[in-house]
Protein chains: 2
Amino acid sequence: MSDATPAKKPTRIQLRNRTRILDAALEIFSQHGYRGATLDQIAAASGLSKPNILYYFDGKEDIHVTLLNQLMDAWLAPLREIDPDGAPLEEILRYVHRKLEMSREFPRESRLFANEILQGAPRIAPHLESGLKPLVDETATLISGWIAEGKLAPVDPRHLLFSIWATTQHYADFDAQVRVLMEDRPVHEGAGQYLDTLYRRLLKP
Amino acid sequence: MSDATPAKKPTRIQLRNRTRILDAALEIFSQHGYRGATLDQIAAASGLSKPNILYYFDGKEDIHVTLLNQLMDAWLAPLREIDPDGAPLEEILRYVHRKLEMSREFPRESRLFANEILQGAPRIAPHLESGLKPLVDETATLISGWIAEGKLAPVDPRHLLFSIWATTQHYADFDAQVRVLMEDRPVHEGAGQYLDTLYRRLLKP
DNA sequence: CCATACGTTGACCAATCGGTCAAGAAATTT
DNA sequence: AAATTTCTTGACCGATTGGTCAACGTATGG
């Protein structure tokens, strides 16, 4: 986006170290939030010195913003993959399972996002407005069309999306609570089956 | 609970100031998280000086723990009010609406809780184990009984509770996102109607 | 009205924070 | 292998943090 620097050619070392830093930062930020994370923690987790980290990024906020930018793309991808020409119910269910899978595979990303929204989205608000909102509007129109054609039971498309996000991301964001309450039970399998039932019964015309 | 101090008689002033501090702290903690909140912010918000705050509480963590303790009670109350002798579907739906109402009326408490769980529940874990878990086990047994009697459609009771928490608390915890996507639309009314439909269709035998 | 406990605060402190800098170590180019 | 760019870091800095303390008000009961 705002790439003012020409940034001619990223060295092997640059690429490797930037990746290391971002991975360590994702771990720390998602665990402690923006304010709770410290550069020293990120330095320790990445195996680099603090000044060295500041050599690759302009500062703490720069690292955080970079992470959020990367995150938004991955976050929106599943929504983009909903096929307007597919079978409506199956398309929605595929989206649900995809989101649930992301909660299991990328819990740190989910928590990073949750932290940011919880604090009022101070750094990601522009992305919500310019990236997420148009896509949600578009998807809502698509779903409304499906409903009008009688291919889905009538529900508010936006609240439907909210509930899908809430129920799937819950397993990543509230993992600490889920783990206490589920003890040794297998969580993911049960969740997949439950959510499938939930949205199938809701949406079947 | 762990009231080691005799604490003979709380003065009028003590009660008033402790309340002030806790209210201010709830505002600050829920907005910035534990680490993001500062005693100076809490002092400013409560209208007291920082040393005065330390006169009423042993420290930052003491304030936070006190808030979480108060919160757990309020959090469990609706779950306790599910009537084993009531009509199953209506009891669950009443619980859903009650939780949604709490998200609207006490969003700060919801966000405080979400923050704590997101960080791995470092300070509230004991309460989850000793307070929430037994109650959830009990409720799960109750719901399983209702299902066995054919009064509810068969679903995993624990995942059902997770989805209720997730969908209702979402409107408080992700308010920043919801507000962007809903613009001027009335959020709460639509949410109530949507969730009613969602859980009615899921649970109707 | 005064003694004693309660309440309040400005000034201060050690620790930690994000960030700087100069100087040296490794690569890379010539 | 010399020159030049890239990479790395120990030492340091000002600002902020949670918390302390001595001194000063203020309520209250005898």
Side-chain angles (χ1 to χ4, degrees), chain A residues 5-68 112 115-116 119 122-123, chain B residues 5-68 112 115-116 119 122-123:
Chain A
T5 54
K8 286 194 171 182
K9 35 182 175 181
T11 312
R12 243 81 51 90
I13 299 181
Q14 280 177 6
L15 230 61
R16 178 176 55 92
N17 281 357
R18 281 184 67 98
T19 310
R20 275 195 194 179
I21 293 170
L22 288 176
D23 186 69
L26 174 60
E27 184 73 27
I28 304 298
F29 277 132
S30 68
Q31 233 173 80
H32 304 97
Y34 178 75
R35 192 80 178 349
T38 72
L39 286 180
D40 292 283
Q41 285 176 302
I42 297 174
S46 66
L48 302 178
S49 67
K50 184 165 66 173
N52 206 5
I53 285 184
L54 275 316
Y55 173 78
Y56 289 103
F57 289 91
D58 285 340
K60 186 183 181 181
E61 179 151 351
D62 184 27
I63 303 177
H64 193 243
V65 169
T66 303
L67 278 176
L68 288 178
L112 179 74
N115 256 310
E116 170 70 7
Q119 320 286 314
R123 274 170 272 269
Chain B
T5 54
K8 289 195 172 184
K9 37 183 176 180
T11 312
R12 243 78 53 90
I13 299 181
Q14 280 176 6
L15 230 62
R16 177 176 56 92
N17 282 356
R18 282 184 65 98
T19 308
R20 274 194 195 179
I21 293 170
L22 287 176
D23 187 70
L26 174 60
E27 184 73 27
I28 304 297
F29 277 132
S30 67
Q31 232 173 81
H32 304 97
Y34 178 75
R35 190 86 180 344
T38 71
L39 285 180
D40 292 286
Q41 285 177 303
I42 297 174
S46 65
L48 301 179
S49 68
K50 185 164 65 171
N52 205 6
I53 285 183
L54 275 316
Y55 174 77
Y56 289 102
F57 289 92
D58 285 342
K60 186 183 181 182
E61 180 151 350
D62 184 27
I63 303 177
H64 194 244
V65 168
T66 302
L67 277 176
L68 289 178
L112 179 74
N115 256 309
E116 170 70 6
Q119 322 284 313
R123 276 170 272 270

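Please read all numbers here as calculations on a predicted model, not as lab measurements. Each chain gets a letter, A, B and so on, in the order the sequences are listed, and its residues count up from 1.
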Using heavy atoms to find the nearest nucleotide of DNA chain C for B:Arg35 and B:Asn17 separately, return the residue whose nucleotide is more 5′. B:Asn17
Out of D:dG18, C:dG19, C:dC21, minimum distance to the side chain of B:Thr38 belongs to D:dG18
A:Lys50 (side chain) donor-acceptor with A:Ile42 (main chain) under 3.5 angstrom: no
Counting side-chain heavy atoms from C-beta on, which of C:dT20, C:dT8, C:dG19 comes nearest to A:Lys50? C:dG19
From the list C:dG18, D:dT20, D:dG10, which nucleotide is the closest neighbour of the side chain of A:Asp40? C:dG18
Flag side-chain contact, heavy atom, 4.5 Å: A:Ser46 against A:Ile53: yes
If only side-chain N and O atoms of B:Tyr55 are considered, is one of them under 4.0 Å from the OP1 or OP2 phosphate oxygen of C:dG7? yes
Using a heavy-atom cut-off of under 4.0 Å over every strand shown, decide if B:Phe57 touches base, sugar-phosphate, or nothing. nothing
Apply side chain to side chain contact (heavy atoms under 4.5 Å, CB included) to A:His32 and A:Gln41, showing your working. CA-CA 10 Å; A:His32 304 97; A:Gln41 285 176 302; 3.7 Å; yes
Need one value for A:Ala43: base, sugar-phosphate or nothing, where a base atom within 4.0 Å counts as base even if backbone is also close, heavy atoms only. nothing
On the nucleotide D:dT9, are OP1 or OP2 found under 4.0 Å from the side-chain N or O atoms that A:Asn52 carries? yes
Which nucleotide sits closest to the side chain of A:Gln14: D:dT6, D:dT9, D:dT20? D:dT6
Among C:dA11, C:dG19, C:dG7, which nucleotide has an atom closest to any side-chain atom of B:Pro51? C:dA11
